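Written out below as structure tokens is the structure these notes cover.
All figures in this text were calculated on a predicted structure; none of them were measured in a lab. Letters A, B, ... mirror the listed sequences (proteins, then strands); counts begin at 1.
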2 protein chains.
Amino acid sequence: MTDTARPTSRDVARAAGVSQATVSLVLGDKWRGRVSERTADTVRTAARDLGYRPNLAARNLRLGRTRTALLVVPTITNEYFARVYTGAARVADDHGFGVVLYPSPEGVGPARDPFGSARAALDGVIASSMAADALAAIGDGGLPLVMLDADPAAPGPAATVNLAIADGMRQITRHVLGLGHHPGDIAHLAADIDTWTFHERAQALADTLGTTPPTERSPLAYQDARRATERLLARPGPPPTALICDDDVLAVGACKALRGHGLRVPDDVSVTGYDDSALATAVEPELTTVALPADAVGAQGMTALLDTLADHPATGTELPVRLVVRGSTAPPRHP
Amino acid sequence: MTDTARPTSRDVARAAGVSQATVSLVLGDKWRGRVSERTADTVRTAARDLGYRPNLAARNLRLGRTRTALLVVPTITNEYFARVYTGAARVADDHGFGVVLYPSPEGVGPARDPFGSARAALDGVIASSMAADALAAIGDGGLPLVMLDADPAAPGPAATVNLAIADGMRQITRHVLGLGHHPGDIAHLAADIDTWTFHERAQALADTLGTTPPTERSPLAYQDARRATERLLARPGPPPTALICDDDVLAVGACKALRGHGLRVPDDVSVTGYDDSALATAVEPELTTVALPADAVGAQGMTALLDTLADHPATGTELPVRLVVRGSTAPPRHP
DNA sequence: CTGTTAGCGCGTTCAG
DNA sequence: CTGAACGCGCTAACAG
């Protein structure tokens, strides 16, 4: 009988012999001292018997808010964003909010109308790791916006939650230098993505090395990273003794390419990742990388949005990151 | 100026000097021969100038449908589900629908009120790879339901889209047997998840081997798979010469454990995965596995839901899978 | 303690 | 060809 028309609150009222308003009060849990215990129970029973579910569209229209936030991410195939979502969803749930995930179709580019496609009616938007122009498209929605892992100097968003991306890159670079690698022997496998987070990494790396390292760019996929690494190895001169990668995925692809050229990790070439995804400990050797508190980012982002919605002054935050040393880095063979 | 109240269709009407109805007709693209070209243009201009966006809640309430489907998945940290989503979203978009992703919080267990948490108002639900009892919770919503990768015999859903899971397991098992592995030397690293898809795998494996292999169960995570494999190796008697895993993630964890015990893959032990995720070619050696047409599953699922919504008779489908032979399998050392 | 009333913003009649 | 009027289902005021 799934074809039965859905009962409305009026149906419940009729069945319970009360008015719609009473139903609303009882089911909305605001009847303390306004409706008799017995009447309340009648209403609840009637609702249950009819299988009543409030019509969200009507409720949203009436209340003018939906208790729903949109989380815009560049891609869904990435553990980091899954963890951001988890953190955001947890906080949201604690406040009776829902989170709808919107993977920006163009990857990192301008989100093509998130408000049309993610058809939900929204109270606010959280956007993670988006390019600046994508931000513009989103900011246009007129909704409160919290940016995650994006340029804190950018205008528009009500609040920003950031990671100490540059600090992480400095830490890992110093770790490699500390192992005895010469600045001139270090190369950079960069993500071919035009966002703040990756600009930061390149900048911090160059700053810490005191020079701009040989760099190849690659999309965030194993095969691409492999090819990019091969381009790096094909350059004239001796191969680097250490390869600093913008992401664990790139690092894994790099390891494959190096191995394919008869180079051993970490004996011949040290490799570092960034993110500390599950992948980092799945491969051999395990990756030296930078751990990111992804769920804290999501949680803080949702908290900031909730604060904004409640007219509390939301501000910018920066979360620390942590160097994780594992087996993919070692002193250079010829110190 | 983000604090400006959002303009309504009435505001647009006022600005354009026409009535609300005219605005609705023009913006709804149903004005051919009912509104003058010039008036229509005035309306469109006014709407653009004001930055008008129709209020979804009101529209949904009026129309009684939301053009939104919910896709329920057991976990978001999985490439397979990301691909299912992509396929579903593509088809949905072609039909003016949106897809909201709902990662069932309890993993595979009963989804705790997907209609409350995924606050969107919904026209239908697509659920992938869910346990039977979770299905019950969802089916209760009274919404059209399409099940993906679930027991086709289960009652309830309007339609089912399935993979030839058993066939895939038969193919990969025959491949291993064909390499010369003895049925008694083959072990099974099973997913510790109580769903149809994994029951099928175990059943098909046992059927093809003609016997129930030594089995360890593990959650879908590298570390767990590693420990499970160690338990397998700790069993009395000679180690297996081939290890058939329910998933690529398990296979990768197994490879780590084997290597830790001084066993080489595939020389000492052959290992197989299932899914053909990006991971399968990221590790060394690359995994022999079964490729799943995940986006086709999502696309078919959405098509079936759309058909159901349009009162077309939707039926069950089964999609073929494909064995992919790579470097992780080889003949046993002592044939 | 309970019922009546009004209106959220939209799309769709029906009368002009 | 256009505008006025109605109601989707719900909840917040207010009246009894």
Query raised in the report: If only atom types and distance count, is the side chain of T303(B) paired as donor or acceptor with the main-chain N or O of G301(B) below 3.5 Å?
Result: no
Query raised in the report: Would you say a side-chain N or O of T39(A) is under 4.0 Å from OP1 or OP2 of dT2(C)?
Result: yes
Query - Gap between atoms CZ and P, on R65(A) and dT11(D) respectively (whole Å) - result: 11 Å
**Report entry** Chi angles and distances behind the side chain to side chain contact (heavy atoms under 4.5 Å, CB included) call for T317(B), T160(B)
**Finding:** CA-CA 6 Å; T317(B) 323; T160(B) 309; over 6 Å; no
Report summary line: Quick tally for nucleotides 8-16 of chain C: nucleotides whose base has a protein heavy atom under 4.0 Å get B, sugar-phosphate-only ones S, the rest -, giving BBBBB----
**Report entry** Under 3.5 Å: donor-acceptor pair, side chain of R59(A), backbone of R65(A)
**Finding:** no
Report task. Please state how far atom CD in E37(B) lies from atom C1' in dT2(D), giving the value in whole angstrom units. Result -> 16 Å
Query raised in the report: Is D307(A) reaching over with its side chain to a backbone N or O of H312(A), donor-acceptor style, under 3.5 angstrom?
Result: no
Query raised in the report: Between R14(A) and D11(A), is the closest basic N to carboxylate O distance under 4.0 Å?
Result: yes
